[in-house]
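Some notes on the structure that comes next.
Heavy-atom basis, side chains included; hydrogens, waters and symmetry copies ignored. Residue numbers run from 1 in the order of the sequence given. Since the model is a prediction, treat every value here as computed from it, not as a measurement. All ligand and atom numbering here is 1-based and tracks the order in the structure.
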Amino acid sequence: MIKPNMHYANLKDSYLFYNIAQKVNAYLTEHPDTHLLRMGIGDVSLPLCSSVITALHGAVDDQSAADRFHGYMPECGAPFLRETIAAHYGRRGVEITPEEVFVSSGASDELGDILDLFDRSSSALVIEPAYPAYVDANVMAGRRIVHLPSGRENGFLPEPSPKAHADLLYICSPNNPTGAVFSREQLKRWVDFANMNRSVILFDAAYEAFIEEDGLPHSIFEIDGARTCAIEICSLSKTAGFTGTRLGYTVIPKELVRHGMCFNDMWVRNRTTKTNGVSYIIQRGGAAVFTPEGQRQIMENIRYYKENARTLTKVLDRLGIWYCGGRNAPYIWLRCPDGTDSWSFFDRLLNEIQVVGTPGEGFGACGEGYFRFSTFGNSADTAEAAERLFSLLKKG
Ligand code: MLT
């Protein structure tokens, strides 16, 4: 009889966002006329910008013309997009070659797939609270997880230490869920730590476009020494509204070598075996994001979400609720009022004011007592949610 992957038995019953969706659907079945205000999963609400739409239409037309039609795409990405992305890094002072850029169908897919590069006996460090897929994808492969809790005392930005020793080091900055961003100096210490231990950093940069403070690094490759210890995983989901369109990219420097094996070469071997490339149409849409007009338009959308963040944080300030994030990231991470645990707070908001957020406990044990709001909703819903929250939680 075939033996299933028994590591699945070590997973939590269901994935965080699936679990929340089930609870929300059950509520809606009982209360079908409710206008729910959704600030749970970080899914965008604004449509794709016009530069992207024009490029997508053009690419559809290409597919209708014999002389412009594209069949299978190069597995690692179309040269036009790899070159565009490398040039985008170059404009920010980071030198990478197009061959170091791999086009993907999105960061979450890639975060799971990339684990093929590492032996199953390697351990994985997860700085918690953390995006839950880091843990789940490694549990599925049977890897040992090293949980490194963080908290208010270190601004949710822990330093490397012997307790953080592992083969793979997940770093997400700006962070999901806390919104905290590592400074250059802090990241340099992680890079030195990884090089010293011959570990590899998986740097999740999905939220880099939300950084507004000067001097904070958008890419780990802004840090000296990162080319010998890091892989960067990026996404157009939050940057440019591609959650439903699906496109991302991964940077693997040629110098990243362990045991004589070059991870860039290995990923070429992996992609050429396991994919037939990302759709031509979508890659054309993605390239439009990096044009000057595309950049202007996506930043306009990002400013809209940041205004949502301000709407929510103003209310949290009036309520005297502790929070962080919302400035360099699209998430607000708050302390549940009155010592409530995070799932009880979730239930209370859902049942009493029909607002959906994400319980902090879903991001790891040290997230207990915290709660996350996504700022990706539409502004009218966000304003309504802020008002309902104020009415529910104001004292006296
Ligand atoms: C989140 O809400 O944490 C993210 O949207 C999930 C994801 O990117 O898959």
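Applying ring-ring contact (aromatic ring centres under 6.0 Å, His included) to Y331 and the options Y207, F363, F210, F373 leaves one that passes, Y207. Each of F156, Y323, F345 was evaluated against Y370; a single residue qualifies, F156, per the ring-ring contact (aromatic ring centres under 6.0 Å, His included) test.
Under the rule for a salt bridge (Lys or Arg N to Asp or Glu O under 4.0 Å), E75 has no partner lying at least two apart in sequence or in another chain.
Neither the backbone nor the side chain of M39 comes within 4.0 Å of ligand 1, counting heavy atoms alone. At a 4.0 Å heavy-atom cut-off, ligand 1 touches Y331 through the side chain alone. Here N176 has side-chain heavy atoms under 4.0 Å from ligand 1, and that is the only part of it that gets that close.
At the top of the distance list for atom 7 (C) of ligand 1, counting protein heavy atoms only, stands Y131 OH, 3.2 Å.
Interface atoms of ligand 1 facing I41, defined by a heavy-atom separation under 4.0 Å, are 2 (O), 5 (O).
By the 3.5 Å distance cut-off applied to N or O atoms, D43 is not counted among the residues near ligand 1. Checking only distances, S108 never comes within under 3.5 Å of ligand 1, N or O to N or O. For ligand 1, one of its N or O atoms has an N or O atom of G42 under 3.5 Å away. Considering backbone and side-chain N/O atoms, K238 comes within less than 3.5 Å of an N/O atom of ligand 1.
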Report the C-alpha separation of N308 and T311 in whole Å, then their side-chain angles, then the decisive distance to 0.1 Å, and conclude whether the side chain to side chain donor-acceptor pair (under 3.5 Å) test is met.
-> CA-CA 5 Å; N308 283 345; T311 303; 5.1 Å; no
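No side-chain heavy atom of I231 sits under 4.5 Å from any side-chain heavy atom of I220.
Residues Y89 and F290 place their aromatic rings such that the two centres sit no closer than 6.0 Å.
Side-chain heavy-atom separations under 4.5 angstrom define the hydrophobic clusters, and the remaining members of the one that includes V181 are I211, L216.
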